[in-house]
Amino acid sequence: MSGVEAGTHPVVVVGAGAAGLTAALAARDAGAPGVVLERDAAPAGNTALTLGMLPGAGTRFQRAAGIEDDAELFLADILAKAKGRTDHDLARAITAASGPAVEWLADRHGVAFELLDDILYPGHSRHRYHVPPGRTGTAFMADLLAAVSRAGVQLITRATVEAPETDAAGRVTGVVWRDEAGGRHHTACRALVLASGGYGADPEAVIRHIPEMAGAVHGGHHGSRGDALRWGERLGAALVDLGGYQGHCVADGPDLPVTWAVIIRGGVQVAADGRRFSNEMRGYSEQAHAVAGQAGGVAWTIYDRRCEEPALTFRDYHRVLASGVVAMGDTVEDLARACGLPAGALAETLAEVEAVTRGHAPDRFGRVFDGTPPLQPPFRAVRVRAALFHTQGGLAIDTRAQVLDRAGRPLPGLFAAGGAARGLSGPAAWGYLGGNGLLTAVVPGRFAGTAAAAC
């Protein structure tokens with residue numbers, strides 16, 4: 001494709017991850033056919049790298065499972081995890097719309113969900129994760145792409161956006177982009193949705209905003225280079241919560257995430273000295289920061305067969321197993337030998353954990369093992385490193401997902417969602433509640449598409 005695109009589209013969306021595709025579907029539902037510009041040949045984004053776990057409160061899926069949940073409970077969980085240091089109005093709007101968004105995707109657009117109710121993730125007071133069968137982000141993306149195709153949304157891949165264009169009054173009028181052959185295009189629009197991800201793949205930005213993760217594995221999409229943040233800032237947008245992010249622990253070698261289900265069931269992490277170093281149940285995001293601070297930047301996740309049971313329902317965990325990095329030991333000494341850990345220290349650590357599991361008080365790190373059986377042989381262990389999966393700070397938005405300037409005023413015709421926009425995690429990793437990434441992609445994506453269609 002070459003030359004200049006004629007005509008004006010009601011809505012142009014930059015980025016074809018969950019945020020962008022959801023925005024396109026919402027705009028189409030509101031009667032505004034748009035076009036989605038995606039840099040990659042095959043749309044994926046950070047969404048494809050997740051487990052596809054979308055939290056929603058008060059859904060029919062929860063009711064069918066006998067789970068009572070509502071937006072107020074979900075809001076309370078988000079505010080508690082973020083220590084109140086997030087935009088309360090935005091959090092309230094997103095949690096209120098979370099359940100309806102899940103049902104809208106399922107019932108109107110054929111996105112397959114089932115309720116993940118076998119394990120409760122840290123910070124959530126109810127089972128509210130909705131996951132695709134197989135529990136992969138790639139399955140979620142496949143359903144979204146199929147929905148966009150059925151809806152007749154135009155998706156242009158290998159399209160590299162250079163910059164938005166505005167008129168003299170500062171209103172967005174279109175974008176300039178290049179195709180794979182280098183041909184330059186101008187696509188006019190009445191509204192623009194930025195859904196091109198955060199800045200996790202930009203090493204300089206990571207050093208500047210979250211220096212504690214500068215040496216971490218980047219587990220997110222390579223396209224998360226902060227483009228939307230730079231474009232928005234040039235247009236006068238405010239940037240907020242740039243220190244917020246989702247961290248995780250990945251198996252050293254294949255760099256695949258080790259599901260936190262093994263920790264929730266009673267697993268622990270030890271450093272190279274065979275000793276625990278933190279409360280692993282604070283959350284996997286802040287635990288990544290703790291792992292990054294250990295000798296060599298590594299730790300070992302120790303667990304057993306019972307802990308592994310829920311992990312086996314995730315395809316990504318089977319990829320970890322297939323990579324050969326899971327060590328086994330019939331005794332603590334065998335496990336220590338397989339991992340290169342001091343046997344005496346590891347034995348003392350696991351004995352301490354067993355003693356705590358038989359009581360009812362928190363351990364010295366504040367973790368409560370009440371009701372958790374002690375680990376049993378044969379033991380399993382994976383050496384892990386800290387990983388940065390996606391950033392949670394970005395362009396300031398209102399409850400319509402419209403981008404705000406530094407004075408808090410909406411920038412006409414400009415919207416953002418997903419990694420391009422601020423999330424709900426506040427200023428640091430400790431504010432990340434599991435599922436916040438997809439939540440703030442899908443729900444503000446829907447907000448953005450609906451509001452953009454009205455421009």
Side-chain angles (χ1 to χ4, degrees), residues 46 50-51 53 55 73-88 90-92 94-95 120-126 128-129 198-200 205-220 239-250 257-261 263-264 267-269 271 276-294 297 299 301 362-368 384-394 396 419 421-441:
N46 280 327
T50 72
L51 298 178
M53 301 195 301
L73 283 172
F74 193 7
L75 176 63
D77 288 347
I78 284 177
L79 294 181
K81 194 68 171 65
K83 303 178 183 179
R85 296 177 63 184
T86 189
D87 184 318
H88 289 219
L90 185 60
R92 183 172 290 105
I94 289 175
T95 51
L120 191 64
Y121 277 71
H124 285 281
S125 60
R126 298 289 189 276
R128 56 172 71 102
Y129 279 132
Y199 64 85
V206 171
I207 291 171
R208 184 162 62 252
H209 300 304
I210 45 176
E212 69 270 22
M213 298 301 281
V217 174
H218 180 234
L239 302 180
V240 287
D241 291 339
L242 294 182
Y245 64 92
Q246 185 221 329
H248 213 304
C249 295
V250 295
V258 179
T259 173
W260 217 242
I263 295 290
I264 297 169
V268 297
Q269 287 189 330
R276 287 175 64 220
F277 50 90
S278 67
N279 175 0
E280 302 90 347
M281 281 295 288
R282 294 176 304 162
Y284 51 80
S285 188
E286 53 264 63
Q287 187 65 10
H289 182 194
V291 168
Q294 303 310 303
T301 298
D363 67 9
R364 59 195 174 95
F365 298 107
R367 180 173 175 180
V368 177
V384 296
R385 290 189 178 275
L388 169 62
F389 271 41
H390 61 82
T391 52
Q392 278 274 295
R422 78 178 306 172
L424 298 178
S425 301
W430 43 253
Y432 182 83
L433 181 67
N436 270 5
L438 276 183
L439 175 70
T440 54

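Fair warning: this is a prediction, and the values are worked out from it, not measured in the lab. Each residue takes its place number in the sequence, starting with 1.
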| said: Within this structure, what is the CZ-CD1 distance for the pair Arg92 and Ile78, rounded to the nearest 0.5 Å? | reply: 11.5 Å
| Test item: Cys249 and Tyr284 side chains (from C-beta on) under 4.5 Å apart, heavy atoms | no
| request: Determine, for Arg126 against Asp77, whether the closest basic-nitrogen to carboxylate-oxygen distance falls under 4.0 angstrom. | output: no
| message | Would the distance check show the side chain of Thr95 and the main-chain N or O of Ala91 forming a donor-acceptor pair, the cut-off being under 3.5 Å? | response | yes
| message | Apply side-chain hydrogen bond (donor to acceptor under 3.5 Å, both in side chains) to residues Ser285 and Gln246 and explain how you reach the verdict. | response | CA-CA 5 Å; Ser285 188; Gln246 185 221 329; over 6 Å; no
| query | Atom CG of Leu242 and atom NE2 of His209: how far apart are they, to the nearest 0.5 Å? | reply | 4.5 Å
| Separation between CD of Gln287 and OG of Ser278, rounded to the nearest 0.5 Å | 3.0 Å
| message | Over 60° means perpendicular and under 30° means parallel, so tell me whether Trp260 and His248 are parallel, tilted or perpendicular. | response | perpendicular
| field | Val268 and Ile263, any side-chain heavy atoms less than 4.5 Å apart | value | no
| remark: d(Tyr121 OH, Arg128 CZ) to nearest 0.5 Å is 14.5 Å
| field | Quiz item: cation-pi between Lys83 and Trp430, 6.0 Å / 45° | value | yes
| Any donor-acceptor pair under 3.5 Å from His289 side chain to Met213 backbone | no
| said: What I'd like to find out is whether the side chain of Val250 reaches to under 4.5 Å of the side chain of Phe389, using heavy atoms alone. | reply: yes
| said: Does any part of the side chain of Tyr129, heavy atoms only, come nearer than 4.5 Å to the side chain of His124, both counted from C-beta? | reply: yes
| field | Aromatic contact, His390 with Tyr245 (centres under 6.0 Å) | value | no
| field | Ionic contact status for Arg85 with Asp241, cut-off 4.0 Å | value | no
